[in-house]
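One structure is given below, encoded as structure tokens.
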Amino acid sequence: MTTTLPEPAAAEIAPRRLARRATGTDRLFELSATAVGAAVLAITGGIGVFLAWQAVPTLKRYGWSFFTETAWQPEANVLGIGAVLAGTVSIALVALAIAFPLALATALYISEYAPFRVRPTLISLVDLMAAVPSIVYGLWGALLVMPHAAELALWMHQHLGWLPFFDVDADPNAAMWDRSRYVSSAFCAGIAVAMMVMPMACAVMREVFSQTPPGEKEAALALGATRWGVVRAVVLPFGRGGIIGGTMLGLGRALGETIAVLLIISPAFDVKLRVLEVGSNSISALIAGRFGDASPAQLSALLAAGFVLFVITLVINTLASIIVNRSRSGAGAEA
Amino acid sequence: MAQAAPELQRPYAGETVLPVRDESAPRPVARRGLGAANPDERLLQWGVWVAALALAWLVTQRLLPLAGLPWFLIVWFLCGLVMIGVTSVLTARRVDLVDRLARTVITGAAGLVGLALVSVVVYTVRRGWEPLLHGNFFTQDMSGIGPRDPFTRGGVAHAIVGSLIQIGIAIAVTVPLGIGTAVYMTEVGGRFARVVRTIVEAMTALPSIVAGLFIYTVLIVALGVPKSGIAAALAIAVMMLPIIARASDVVLRVVPGNLREASLALGASRWRTVWHVVLPTARPGLATALILGIARGIGETSPVLLTSGAATFMVTDPTSGVMNSLPLYIFSTVRSGEPMAESRAFAAATVLLGLVLVLFVVARLAARPRSAKPKLRHRLRAAVPVLRGGVPTPWRKR
């Protein structure tokens, strides 16, 4: 027989409020801390409000066509983020398609398979990967990976070209293949962005996996499970929230990545599904490319595009943190 | 038990019965180790990969037109999977088969990630090695240096100095504000603090390019401040502030509440509690959060791309016009497409990587828990009487 103690009501364990108002240095401390908090609120909130306010004239002028128009020709008074938005999403999805399996496997390897002695080192290495500047990944992607990625793209086009997103507007079996059709694509940019997304997603997943109750893992082992059995039956279900949340955090980072994308892609303003083909664009690359010679009206349009990007990232990050916090494992996870 | 074996004579109390060896009993079975593999399995583990290596050579060099090292490694891995499958089907159950395949795939993927990290570092250092060998790379700037000038002329001193100045200003702005906000959110609290926390968390989603565009629009276009180091520093600060505030908040929230209560119960004021209890307890975590935020800020290119302007000469005054920084130097140099310029860009990238690595190692050292070993100073002080021929301090009578 087990007996359970009655759960204490929440009100009983919460700290009681102090009735006395703070005086002297305490009052000063409270006031100054509040002032700092208010200042930071004003700065950070001010940026959000400013972006929204600056986006208003553009949105008023172009209406819904701002989201559907694909061309960006301020001189012809035709403006829209349809193409760059599609490009941003396709680059981010390619990055995620590459980064997700690698992040999951690396997190599982570190938390379940790696020898105990090297685990702290591996964790540091993943953190170090997250700290490597994005320009370095950009150089790596543009100069080392891109030629090989083009060959891989040709191979995928030859063998998987019947899938609409692996199609390229070129002859796959030509005697001399046209390399220039396969470089500077969303696929190439996605590889570099995946390197930035992977450590972030991996860190969240590993953090959540490491909180798996050892009792449950040992119970699975005692029932005769192999190590993979433990992973499948205990670790993965327990960490589901962390897997989804970490992936979405990575997606948020991938959407906002600028410099690697700017180094790799060749800008193109059309909505296309063919990620292997040359030419793509993203909102951040558009801003970086067009801010210099922008008139005030164009600047407002760029700010509106930036605001849209910010809102998308914000929604994704908020969903991610809700998922991580709601899940069984995420209560103490930092995400 | 007494009924089960009535024919056994019960020993008297206090009498010892020695066990008798039963010769007819079956020989004991050797206990199976739980974790370690037996010789058969070990042979399989290694043999599979040797066999896969031979198969991969056969497939890539003799059967299929798959030239190059990458294909060889891929085919080797796939052959390894097939061999593991075949040997497991022959010798073990289905459960073991799945377990071995899963282990191989997971280890292989983790190895691929490690390989990618190594290739990033090695490629960057190798491409930038030649300019790094010349000392002037660290002491000269690029004024009057063309893209085809030899490596014995010109360097990135201006970019290094610019990066340090900009990140210094950004630190001076963000660290007090960030930690102050975190202290406010955790120590003062209340409804307003929840609003601040929500907004700060929301602003961590701000893409860095948008932070740069904000400073560009407000400071440079609207207020007419020229492109300068201060504008770049503010753009970095805008990007770093939410990151640092949020990370410090996470660190301060895990300081145990009973430490605070103990301090308050001893009569300390709330300010003293924060200064003497909360912040020292959170010191390692805070240091890590700050340094990682700084590493992020120093490597970010997009805010400075919009706000600082790439100077080719040394600028030490952040308010007096265009100023270069390492990420911006790398970006603008590599875009020229000249092989020499690319080498210089890679050398600058190596310097940047080194800078981030140093910050990272410092963060790891700061995050280490304080060791129980007495500090060097104390050990030296304890040793001094011994050197003079006296008794070491701990044993001396007081």
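Per chain, numbering begins at 1; letters A, B, ... match sequence-line order. Since we're looking at a predicted model, the values are computed, not measured.
- Neither the backbone nor the side chain of B/Trp275 has a heavy atom closer than 4.5 Å to any heavy atom of chain A.
- Going from atom OG1 of B/Thr107 over to atom CG of A/Leu108 covers 10.5 Å, rounded to the nearest 0.5 Å.
- Of the listed residues A/Ile135, A/Leu139, A/Thr106, the one with more heavy-atom pairs under 4.5 angstrom with chain B than any other is A/Ile135.
- B/Leu206 touches chain A through backbone and side chain together, each having a heavy atom under 4.5 Å away.
- With a threshold of 4.5 angstrom between heavy atoms, A/Ser124 approaches chain B through its backbone and through its side chain.
- With a threshold of 4.5 angstrom between heavy atoms, B/Arg335 approaches chain A through side-chain atoms but not through N, CA, C or O.
- Only the side chain of A/Leu299 comes within contact range of chain B, with heavy atoms under 4.5 Å apart.
- Residue B/Glu201: no heavy atom, backbone or side chain, is found under 4.5 Å from chain A.
- If you measure heavy-atom distances from A/Leu51 to chain B, the contacts under 4.5 Å come from the side chain alone.
- The CZ atom of A/Phe307 sits 13.5 Å away from atom CG of B/Leu213, with the distance rounded to the nearest 0.5 Å.
- Minimum heavy-atom separation, A/Pro133 to B/Leu353: CD-CD2, 4.3 Å.
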Practice task
Determine, step by step, whether A/Trp228 and B/Leu101 satisfy the side-chain contact (heavy atoms from CB on, under 4.5 Å) criterion, reporting the C-alpha distance in whole Å, the side-chain angles of both residues, the deciding distance to 0.1 Å, and the verdict.
Solution key: CA-CA 9 Å; A/Trp228 169 246; B/Leu101 286 183; over 6 Å; no
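- Residue B/Leu112 touches chain A through its side chain alone, counting heavy-atom pairs closer than 4.5 Å.
- Proximity to chain B (any heavy atom under 4.5 Å) is shown, for A/Tyr109, by both the backbone and the side chain.
- Most heavy-atom pairs under 4.5 Å with chain B: of the set A/Thr318, A/Thr25, A/Leu263, A/Ile283, this distinction falls to A/Leu263.
- For chain B, no part of A/Arg232 is nearby; none of its heavy atoms comes within less than 4.5 Å.
- The 12-atom threshold is exceeded at CZ of B/Arg253, counting heavy atoms of other residues, nucleotides or ligands nearer than 6.0 Å.
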Practice task
Please assess A/Trp140 against B/Thr124 for the test side-chain contact (heavy atoms from CB on, under 4.5 Å), listing each intermediate value before the final yes or no.
Solution key: CA-CA 7 Å; A/Trp140 176 80; B/Thr124 311; 5.6 Å; no
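- With chain A as the partner, the residue from B/Val196, B/Ile330, B/Thr217 showing the most heavy-atom pairs under 4.5 Å is B/Thr217.
- Taking CZ from B/Arg270 and CZ from A/Arg27, the interatomic distance works out to 10.0 Å, rounded to the nearest 0.5 Å.
- Heavy-atom distances place no part of B/Thr273 under 4.5 Å from chain A, backbone and side chain included.
- Contact of B/Val254 with chain A is not made at all, since no heavy-atom distance falls under 4.5 Å.
- When heavy atoms are compared at a cutoff of 4.5 Å, A/Ile43 approaches chain B solely by way of its side chain, counted from C-beta outward.
- Atom-to-atom distance recorded for A/Leu303:CG and B/Tyr216:OH is 10.5 Å, nearest 0.5 angstrom.
- To the nearest 0.5 Å, atom CE of residue A/Met195 and atom CG of residue B/Leu117 are 6.5 Å apart.
- Chain B forms more heavy-atom pairs under 4.5 Å with one residue of A/Asn317, A/Asp127, A/Leu302 than with any other, namely A/Asp127.
- Interface remark: of the candidates B/Gly111, B/Gly190, B/Ala193, B/Ser119, B/Ser119 forms the most heavy-atom pairs closer than 4.5 Å to chain A.
- With chain B as the partner, the residue from A/Ile287, A/Leu41, A/Leu128, A/Val132 showing the most heavy-atom pairs under 4.5 Å is A/Leu128.
- Heavy atoms of A/Ala225 lying under 4.5 Å from chain B are absent altogether.
- Here the closest heavy-atom approach between residue A/Ser284 and residue B/Ile209 is recorded as CB-CG2, 3.5 Å.
- The two atoms that bring B/Ile106 and A/Ala105 nearest to each other are CG2-O, 3.4 Å, heavy atoms only.
- Neither the backbone nor the side chain of A/Leu122 comes within contact range of chain B; no heavy atoms are under 4.5 Å apart.
- A/Asp26 places no side-chain N or O within 3.5 Å of a backbone atom of B/Ser269 that could act as its donor or acceptor partner.
- The two atoms that bring A/Gly37 and B/Thr181 nearest to each other are CA-CG2, 4.2 Å, heavy atoms only.
- Both the backbone and the side chain of A/Phe310 come within less than 4.5 Å of a heavy atom in chain B.
- Taking all atoms of both residues into account, the shortest heavy-atom contact from B/Phe360 to A/Ala131 is CD1-CB, 4.4 Å.
- Put simply, the residue from A/Leu262, A/Ile259, A/Thr258 that forms a side-chain contact (heavy atoms from CB on, under 4.5 Å) with B/Thr301 is A/Ile259.
- Looking only at heavy-atom pairs under 4.5 Å with chain B, the residue among A/Leu28, A/Leu144, A/Leu309, A/Leu314 that has the most is A/Leu144.
- Proximity to chain A (any heavy atom under 4.5 Å) is restricted, for B/Arg296, to the side chain, taken from C-beta onward.
- Of all heavy-atom pairs between B/Glu300 and A/Ser134, the closest is OE2-OG, 4.0 Å.
- Both the backbone and the side chain of A/Leu143 come within contact range of chain B, judged by heavy atoms closer than 4.5 Å.
- At a 4.5 Å heavy-atom cutoff, the contact between B/Val183 and chain A is made by side-chain atoms alone.
- Both the backbone and the side chain of B/Phe331 come within less than 4.5 Å of a heavy atom in chain A.
- Proximity to chain A (any heavy atom under 4.5 Å) is shown, for B/Leu305, by both the backbone and the side chain.
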